[in-house]
Amino acid sequence: MTRSQIRTKVEGESGIARITLNNPDRRNALSRLLVAELETAFSEADADPAVRVVFLDAEGPDFCAGADLIEVQASVEEGVIASLFDADALGDLFIQIRRMDKPVISAVHGRALAGGCGLATACDLVLASFDAEFGYPEVRLGFVPAMVMAILRRSMGEKRAFELVALGDCISASQALAYGLVNKVFDSESFEVRALETARELAARSASALSLTKRLLYQVEGASFEDAIRAGAEVNALARLTPDCQVGIKRFLDR
């Protein structure tokens, strides 16, 4: 399906919903429309029983340049309520990705900057082309990379996080891998093929196990050790009752 600023396609055999940012003339800037279309596409993918993994990529030379500064300026002129509305919409999108039952993979090439970097790293797995760059340059505009702080503090230590947001420099894909922002880096020439292979490999895993794993991972964040163990015990008991687990155990014992 083609919308105004994104494209969506579901691979029937693999169960991958591919969502592509598709406003390259604006470097896929996070306009109000693009954010709204992403929210709808993610909701549809999560509700589709044929979808097992969501794969987010982008058209054009860059993944996403961050906020649409024309709209940011307009919201300033409209007042604080308009600014808060825009910020909440992007924040809601980040929360939505974390709450989805299905894993979300971002495939980043070119530059992922500011909110665009936040969008990429809000996903459960981040794959990067060797030529990709990541950065939070907001400070150079006198702005604050506010919502992405929640992502950075969960992905890396506070010293690295402060370095990224305070200096506003871009880092390479290799640096992002070392810092913990990125899971895998692939050669630029084979990036799309390798990234989709990774998505298909994930989609081949048990859908119920992936859903419960994702939910538990984020559920225990900030919990005490005892509460995290108890939550794990509950998920362990639930997992045993799923058809996938019962089939998997039987297959193992039959060997």
Side-chain angles (χ1 to χ4, degrees), residues 1 6-20 38-57 92-108 119-128 151 154-155 177 180-186 190-255:
M1 180 184 298
I6 67 171
R7 293 197 313 269
T8 59
K9 178 182 179 182
V10 176
E11 290 186 1
E13 293 184 3
S14 65
I16 295 172
R18 186 169 183 176
I19 301 174
T20 302
L38 279 177
E39 182 179 357
T40 300
F42 281 134
S43 294
E44 290 174 351
D46 207 31
D48 188 342
V51 173
R52 302 167 72 87
V53 169
V54 179
F55 184 86
L56 177 67
D57 63 356
D92 288 344
L93 182 64
F94 293 165
I95 293 170
Q96 178 186 18
I97 292 171
R98 179 155 291 207
R99 288 181 175 174
M100 288 172 63
D101 286 330
K102 294 160 187 178
V104 183
I105 297 174
S106 61
V108 181
L119 174 62
T121 55
C123 297
D124 303 302
L125 289 178
V126 186
L127 310 178
I151 299 168
R154 287 158 174 77
S155 300
L177 179 65
L181 277 180
V182 166
N183 294 93
K184 294 184 179 183
V185 176
F186 298 122
S190 60
F191 174 61
E192 182 175 354
V193 171
R194 297 287 303 279
L196 283 169
E197 285 176 353
T198 301
R200 293 184 184 110
E201 182 180 359
L202 187 63
R205 302 293 187 264
S206 160
S208 59
L210 285 176
S211 177
L212 288 171
T213 296
K214 175 174 177 176
R215 184 178 303 181
L216 178 62
L217 177 67
Y218 298 136
Q219 178 185 344
V220 300
E221 181 184 337
S224 69
F225 179 77
E226 183 175 344
D227 288 344
I229 292 293
R230 296 305 178 202
E234 292 175 4
V235 171
N236 182 297
L238 285 172
R240 298 181 192 199
L241 302 177
T242 62
D244 283 357
C245 184
Q246 293 175 31
V247 169
I249 291 174
K250 184 177 186 303
R251 187 186 308 120
F252 179 84
L253 294 177
D254 288 345
R255 292 177 185 172

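- With rounding to the nearest 0.5 angstrom, the CD1 atom of I6 is 11.0 Å from the CG atom of D57.
- Atom-to-atom distance recorded for F94:CZ and R99:CZ is 14.5 Å, nearest 0.5 angstrom.
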(message) With side chain to side chain contact (heavy atoms under 4.5 Å, CB included) as the criterion, how do E11 and R200 come out once you've worked through the C-alpha distance, each side chain's angles and the decisive distance to 0.1 Å?
(response) CA-CA 10 Å; E11 290 186 1; R200 293 184 184 110; 3.2 Å; yes

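- Across every non-hydrogen atom of I97 and A122, the tightest pair is CG2-O, 3.4 Å.
- Taking all atoms of both residues into account, the shortest heavy-atom contact from Q96 to E39 is NE2-O, 3.0 Å.
- In this structure, the separation between CZ on F55 and CG on L127 is 6.5 Å, given to the nearest 0.5 Å.
- S224 places a side-chain N or O within donor-acceptor distance of the main-chain N or O of D227, the cut-off being under 3.5 Å.
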(request) Tell me, with the steps shown, if L181 and V126 meet side chain to side chain contact (heavy atoms under 4.5 Å, CB included). (result) CA-CA 7 Å; L181 277 180; V126 186; over 6 Å; no

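- Side-chain N or O atoms of T242 include none that pairs as donor or acceptor with a backbone N or O of L238 at under 3.5 Å.
- Taken from OG1 in T213 to CG in D124, the straight-line distance is 11.0 Å, to the nearest 0.5 Å.
- When every heavy atom of A231 is checked against every heavy atom of V220, the shortest pair comes out as CB-CG1, 4.2 Å.
- Atom CZ of R52 is separated from atom CZ of R205 by 10.5 Å, given to the nearest 0.5 angstrom.
- Nearest heavy atoms, A223 versus A228: CB-N, 4.2 Å.
- Judged by distance alone, the side chain of S211 and the main-chain N or O of A207 form no donor-acceptor pair under 3.5 Å.
- Pairing each heavy atom of R18 with each of L196, the nearest pair is NH1-CD1, 3.6 Å.
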(request) Show the numbers, then the answer: is there a side chain to side chain contact (heavy atoms under 4.5 Å, CB included) between T198 and N183? (result) CA-CA 11 Å; T198 301; N183 294 93; over 6 Å; no

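- A distance-only check finds no donor-acceptor pair linking the side chain of D101 to the backbone of D46 [under 3.5 Å].
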(message) Between Y218 and K214, is the side chain to side chain contact (heavy atoms under 4.5 Å, CB included) condition met? List the steps.
(response) CA-CA 7 Å; Y218 298 136; K214 175 174 177 176; 3.7 Å; yes

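- We find that E234 and R215 are not joined by a salt bridge, their nearest charged nitrogen and carboxylate oxygen being 4.0 Å or further apart.
- Closest approach of V108 to A120, counting heavy atoms only: CG2-CB, 3.6 Å.
- Note: L56 CG to F42 CZ = 5.0 Å, rounded to the nearest 0.5 Å.
- For the pair V51/K102, a side-chain contact is recorded, criterion being any heavy-atom separation below 4.5 Å from C-beta on.
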